[in-house]
Student: 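Okay, here's the structure, questions in a sec.
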Amino acid sequence: QQKFLVISYDDDQQQWFYDFVVAASEQDAVDKVCTDRDYVIAADALPIETLNNLAHALSNQTLESIEELERGSQERVQAR
């Protein structure tokens with residue numbers, strides 16, 4: 001068994017949900033949430049290791065470096 005954060009979305013209410021789930025796999029975690037929240041249209045599970053890596057990467061970024069990444073993303077979108 002592993003711990004997951006499952007993020008799901010209800011299109012009708014335009015609302016995001018964040019659930020902590022214990023499951024054997026990412027798919028099992030998603031299945032649990034989609035069963036409990038039968039109104040969501042999509043869900044994704046993140047294992048704790050991935051969450052820790054994301055949090056660590058974010059904490060190591062400066063505000064300026066994040067803003068630079070945002071500008072680069074906006075430029076790529078506008079170039080399409």
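Owing to the predicted nature of the structure, the values given are computational and were not obtained by experimental measurement. Because only heavy atoms are used, hydrogens play no part in the values below, and waters and symmetry mates are left out as well, while side chains stay in.
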Student: Got a donor-acceptor contact below 3.5 angstrom from the Q1 side chain to the A24 backbone?
Tutor: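 Yes; at least one donor-acceptor contact below 3.5 Å.
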Student: Atom CG in D12, atom CD1 in I41: separation rounded to 0.5 Å?
Tutor: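 Between atom CG of D12 and atom CD1 of I41 there are 8.5 Å.
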Student: Indicate every side-chain donor-acceptor pair of residues 44-51 with a distance under 3.5 Å to a residue at least two apart or in another chain.
Tutor:
none

Student: Test of understanding: clusters of I, L, V, M, F, W, Y form through side-chain heavy atoms closer than 4.5 Å, transitively. Do V40 and V6 belong to the same one?
Tutor: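 No, it is not one cluster - the side chains of V40 and V6 are not joined through contacts under 4.5 Å.
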Student: Quick check for you: to the nearest 0.5 Å, what is the distance between D38 atom CG and D10 atom CG?
Tutor: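 Answer rounded to 0.5 Å: 9.5 Å.
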Student: Applying the 4.5 Å side-chain criterion to the ILVMFWY set and letting contacts propagate, would Y9 and Y18 be lumped into a single cluster?
Tutor: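 Linked within one cluster.
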Student: Determine the minimum heavy-atom distance between S25 and Q2, stating which atoms define it.
Tutor: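 Heavy atoms of S25 and Q2 come nearest at CA-NE2, 4.5 Å.
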Student: Would you mind checking if K32 and D19 are paired as a salt bridge, meaning a charged N to carboxylate O distance below 4.0 Å?
Tutor: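 Salt bridge absent between D19 and K32.
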Student: Quick one: pull up CG in D11 and CD in Q13 and give me the separation to the nearest 0.5 Å.
Tutor: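 These two atoms lie 10.0 Å from each other.
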Student: Evaluate the criterion side chain to side chain donor-acceptor pair (under 3.5 Å) for residue pair H56 and N60; output intermediate values, then yes/no.
Tutor: CA-CA 6 Å; H56 181 73; N60 286 332; 3.0 Å; yes
Student: Could you state the interatomic distance from CD (E67) to CD (E70), rounded to the nearest 0.5 Å?
Tutor: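 So the CD of E67 and the CD of E70 are separated by 6.5 Å.
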Student: Closest heavy-atom contact between A23 and F4?
Tutor: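 Nearest heavy atoms, A23 then F4: O-CE1, 3.5 Å.
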Student: For I66 and L58, what are the C-alpha separation, side-chain angles and deciding distance, and is it a side chain to side chain contact (heavy atoms under 4.5 Å, CB included)?
Tutor: CA-CA 9 Å; I66 294 171; L58 178 60; 3.8 Å; yes
Student: Any chain of hydrophobic side-chain contacts (each under 4.5 Å) joining F20 to V30?
Tutor: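 Different hydrophobic clusters.
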Student: With sequence neighbours left out, which residue pairs that include part of residues 23-50 fulfil the ring pair (Phe, Tyr, Trp, His ring centres under 6.0 Å) condition?
Tutor: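 Listed by first then second residue: F17-Y39.
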